[in-house]
Amino acid sequence: MAVSREEVVAVLAEESGLDPAKVRPEATFEELDIGSIDVASTLFAIEDKFGVVVDPDQLDPASTVSQFVDLVLRLAETPAA
Amino acid sequence: MSETRRVVVTGMGCVSGLGIGVEPTWRRALAGEGAIRPTVREAAGTLLDGPAAPVDAEALDAALTGLALRPLGMLDPLSRFALAAAAEAVAQAGLSDHPVFEARTAVLVGCGSGGNATVEAAYERLFAKGSARVHPQTIPASMLSAPASHLAMLLGVHGPTMAFSSACASSAHALGEAMHMIRSGRVEVALAGGAEACLNTGSWVGWKAIGAMADDTCRPFCATRKGMVLGEGAAMLVLESEEHAVARGAAILGELAGYGASSDATDMTAPDVDGISRAIRAALADAGVTPGTPALVSAHGTGTRLNDRAEAAGLRDVLGLALDGSTVIATKSAHGHLIGAVAALEFVLGLKALAEGLAPPVLNYREPEPECALPLALEAMTLPHEFLLSNSFAFGGLNAVLVGRRRA
């Protein structure tokens, strides 16, 4: 499934209750105050919308938005085994 | 024993089908404008319709705009109702960010059920869509105590915070127990009331299954009444020790002067006159009011065959001839039955009625029934009363009655 960078950022912003304009690529989850429950909700929505399952252990408070988006896009491009 | 500390009301807020905010709600109730209307709900292809008093979703969104809700996570309508009502009450009381929130404030929220819409969305995924996963915030958003936590988080209240659940009497118990926490000196301030969001398909169909729902409208104490009508919403009050309120120069809206609670211990759905009488007597005694004192009675008045007869008998039993000099209002005819939130909403409207000296009319009444003979305010009318007797009698036989007093 083709997933765009903007779509992933939009889901992250929506599930974390943030203005998408504030979700800059270089910002970390910690800087954006994206907590574990926001991450859980975001991963749930990502799986719902794009069929991509992200292991939450691959993310931590120091993860940046662009690292997260890259991870989702990479998994989306990987054909299901 | 030292003199009992008086407990006063310094802030009120509410959300219901009548509107968002105490002033518009009161104006509509007084004008005899009911909120009950044809309502439709749908989930997983199941359509449900009937009379109900739903909250205007856009008005609620507007009322919540500007509140710092993001740290609270996913919010069921249950919490959204409670947050709007609490924000209004705390703003009116002038207590935002007050140091008393550090430890000497309690938050007690009555709810008959939890976040029904959140549970429904999860079950719809599981059973209708065949998904094995539900939203990760399903539990924190739907638990019965979520509104209490959300209010404490929004307002920064660090004192005792919890939920009370006793079906249709939940918020009466919350207000009464909050009054005792202030009387005993455990806290100075309590944010107390209730919330309910039961107008989703899964919850509403359960209420319909009991067989106590009207298919036309809510007609309390009327001979042709057919049952209750659901509403939804919240009402929250700021209760405060009189000395704390006076010391900070707060405007006092009224007094919560007494509370009586009883359990029928007889039947899960049928009311019991003895249990009702016991709670009314206990509330009057607690307030130091003799049962011979005429009062404004805010009836439980659900419009069911059984409740209204039992309540009329209980009121006659306790008040005797004083009932004839009293005035009975039944505002569920306007805002429907908000289950866990309704006692607090009725206490808010009752205190407004006392303060303004005006009774909002009982709506949808057509003809009298001898077993329900009460001095009903069938039109808006002036009131001479100093005291409010506000009744709540819940499924499961859990009764709670509050006594309010007008401030001179």
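Chain naming here is simple, since letters A, B, ... match the order of the sequence lines and numbering starts at 1 in each.
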- Enumerate by number any residue of residues 92-123 of chain B whose heavy atoms lie under 4.5 Å from heavy atoms of chain A; in the absence of such residues, state 'none'.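 Not one residue of residues 92-123 of chain B has a heavy atom under 4.5 Å from chain A.
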* What residues of residues 131-146 of chain B sit under 4.5 Å from chain A when you count only heavy atoms? ->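 Heavy-atom contacts from residues 131-146 of chain B to chain A are Arg133(B), Val134(B), His135(B), Pro136(B), Gln137(B).
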Just checking [X]: does its [atom1] atom have more than 12 heavy atoms from other residues, nucleotides or ligands closer to it than 6.0 angstrom?
X	atom1	answer
Glu47(A)	CD	yes
Glu58(B)	CD	no
Glu31(A)	CD	yes

| query | Rounded to the nearest 0.5 Å, how far does NZ of Lys129(B) lie from CG of Asp48(A)? | reply |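 Here the rounded value is 8.0 Å.
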**Q.** Short N-O contact, Asp38(A) and Arg70(B), less than 4.0 angstrom
**A.**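 Yes, Asp38(A) and Arg70(B) are salt-bridged.
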